[in-house]
Amino acid sequence: NPPYKITAIVETLYEPPQTGNHNSFSLNEDKDKSLIDKLSEGLSLKCIGWIFTTLKDGCTTLKSKEIIMAAKYQQEYSFIHSSGCHISRFVTCVVSPNDLGECKYETYMVSDMCQALERDNIFDTINDDSKMGIRDAQKGEIMPIVYVENKESKIVDPNFFIIDIEHNFISDKKDKNIIKTFDFPKISKDRKSEVKKKIQDYFNKYKKVEANVKCANLNFLIYIANNFDEKTALNIAQQISDKSLDWELVETLITHYIE
């Protein structure tokens, strides 16, 4: 057990803009990423991983593209531990159907070696996504030699880089979450009358619930940032984290907008 082992609780998921089909996906430019990061920080939350669904079609746990993305994210979210080591706590979570058609959750990280190979641009692009390729050295370039089973190789099994991470589900009796509601409507291009009804229905549902609970919702804070201003949303997020949110102030803002 390393000295930096921790237990993290998943509070909420954010779905970034993306394009995908049955076989693959790609993430698009996300103009809200900076806002999401700020709101999360205001709520005392940190980004700890990414999650995606898949249909397992072979013995490879993660495809080469997924491993490379995981390595990039782990590098991006790495930090210097008090021991002096560069470490990452960014986890890859995969959701796939089991033999009964139910959701099966698996959590992984890629090895430090994999993270370093991606950081230093050692991997090569190959057509077979069940294998990892090692590129050739360019003129005047010195490349590391990769060995597989004591033999130099340009092809590596992706499973070689994967580390299983322990995961579990928290009992409902353990109230450790900051975010406690998940059904605030995602406001897009609805007409104002439709927006008004959605918001009124949400707050009527939680009429007797304290402000720190019913407003602790990422979609709600995004709505405030987009329809009022970012500073107001950040202040509300901070007050939720401090459990000092003034409901009358929030109610005044919402009432003024939807009327």
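In what follows, every heavy atom counts, from backbone to side chain, and hydrogens, waters and symmetry copies are set aside. A quick note: this is a predicted structure, and the numbers were derived from the prediction, not measured.
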Q: Between Lys154 and Asp136, is there a salt bridge with N-O shorter than 4.0 Å?
A: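 Lys154 and Asp136: salt-bridged.
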
Q: Flag the pair Asp164 / Thr107 as yes when at least one side-chain heavy-atom distance between them is below 4.5 Å, and no otherwise.
A: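 In short, these two side chains do not touch, never coming nearer than 4.5 Å.
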
Q: Has Ser88 got a side-chain atom pairing as donor or acceptor with Gln74's backbone, closer than 3.5 angstrom?
A: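 Side chain of Ser88 to backbone of Gln74, a donor-acceptor pair under 3.5 Å: yes, one is there.
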
Q: Does the side chain of Lys38 come within less than 4.5 Å of Glu230's, by heavy atoms?
A: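 SC-SC contact between Glu230 and Lys38 confirmed.
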
Q: Keeping the roles fixed (side chain from Gln18, backbone from Pro16), state whether a donor-acceptor pair exists under 3.5 Å.
A: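 Looks like yes, one N/O pair under 3.5 Å.
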
Q: Tell me every residue that passes ring-ring contact (aromatic ring centres under 6.0 Å, His included) with Tyr206, counting only those two or more places apart in sequence or in another chain.
A: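 Per chain and number, Tyr206 pairs via ring-ring contact (aromatic ring centres under 6.0 Å, His included) with Tyr202.
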
Q: Identify whether the distance between the nearest side-chain nitrogen and carboxylate oxygen of Glu76 and Arg119 falls below 4.0 Å.
A: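 Arg119 and Glu76: not salt-bridged.
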
Q: Is the closest basic N to carboxylate O distance between Lys197 and Asp201 below 4.0 Å?
A: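 Counted as a salt bridge, because a side-chain N and a carboxylate O are separated by less than 4.0 Å.
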
Q: Does the side chain of Lys131 come within less than 4.5 Å of Asp157's, by heavy atoms?
A: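 When only atoms from C-beta onward are counted, Lys131 and Asp157 do not touch, as no gap falls below 4.5 Å.
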
Q: Give the ring-plane orientation class for Trp50 versus Phe25, where under 30° counts as parallel, over 60° as perpendicular and anything between as tilted.
A: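 It falls in the tilted class, 30° to 60°.
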
Q: In the structure I gave you, are the side-chain heavy atoms of Arg135 and Asn121 within less than 4.5 Å of one another anywhere?
A: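 Touching, per the 4.5 Å side-chain cut-off.
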
Q: Hey, are the side chains of Ser244 and Gln238 touching, using non-hydrogen atoms and a 4.5 Å cut-off?
A: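 With C-beta onward as the side chain, the pair stays apart.
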
Q: For Ser96 and Thr54, which I'm curious about, is there any donor-acceptor pair between the side chains at under 3.5 Å?
A: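 Checked: Ser96/Thr54 side chains show no N/O donor-acceptor pair below 3.5 Å.
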
Q: Check the orientation of Phe90 and Tyr73. Use parallel for under 30°, tilted for 30 to 60°, and perpendicular for over 60°.
A: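 Tilted.
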
Q: Taking His167 for its side chain and Tyr105 for its backbone only, find out whether a donor-acceptor pair lies under 3.5 Å.
A: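 Checking the backbone N and O of Tyr105 against the side chain of His167, a donor-acceptor pair under 3.5 Å is found.
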
Q: Between Lys46 and Glu11, does a salt bridge (charged side-chain N to carboxylate O under 4.0 Å, His left out) hold up when you go through it step by step?
A: CA-CA 10 Å; Lys46 294 181 179 180; Glu11 291 272 3; over 6 Å; no

Q: Would you say Ser40 and Asp37 are linked by a side-chain donor-acceptor pair, where the criterion is simply a distance under 3.5 Å?
A: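 Their side chains do not contain a donor-acceptor pair, so the 3.5 Å distance test is not met.
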
Q: Let me confirm one number: the CD1-CD1 distance from Ile134 to Ile126, rounded to the nearest 0.5 Å.
A: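 These two atoms lie 9.0 Å from each other.
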
Q: Just wondering, are more than 12 heavy atoms of other shown residues or ligands nearer than 6.0 Å to CD in Gln75?
A: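 It does: Gln75 CD has more than 12 such atoms within range.
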
Q: If two hydrophobic side chains count as joined below 4.5 Å and joins carry through other members, does Phe160 share a cluster with Ile155?
A: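 Different clusters.
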
Q: Using a 3.5 Å distance criterion without hydrogens, assess whether the side chain of Asp229 forms a donor-acceptor pair with backbone atoms of Thr232.
A: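 Yes, because the side chain of Asp229 sits within donor-acceptor range (under 3.5 Å) of the backbone of Thr232.
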
Q: Side chain to side chain contact (heavy atoms under 4.5 Å, CB included), that's the test. Do Met132 and Ile67 meet it? Break it down for me.
A: CA-CA 9 Å; Met132 306 289 293; Ile67 288 179; 3.9 Å; yes

Q: Report the C-alpha distance between Ser26 and Thr19 in whole Å, list the side-chain angles of each, state the deciding distance to 0.1 Å, and finish with yes or no for side-chain hydrogen bond (donor to acceptor under 3.5 Å, both in side chains).
A: CA-CA 5 Å; Ser26 59; Thr19 303; 4.6 Å; no

Q: Under a 3.5 Å distance rule, please check whether Asn219 uses its side chain to pair with a backbone N or O of Pro185 as donor and acceptor.
A: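 No.
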
Q: Listed by chain and number, what are the ring-ring contact (aromatic ring centres under 6.0 Å, His included) partners of Phe161, not counting sequence neighbours?
A: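 Phe161: ring-ring contact (aromatic ring centres under 6.0 Å, His included) contacts with Phe123.
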
Q: Within the supplied structure, the quantity of interest is the number of heavy atoms (other residues, nucleotides, ligands) at a distance under 6.0 Å from Met113 CE; does it exceed 12?
A: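 Counting neighbours around CE of Met113, 12 or fewer heavy atoms of other residues, nucleotides or ligands fall under 6.0 Å, so no.
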
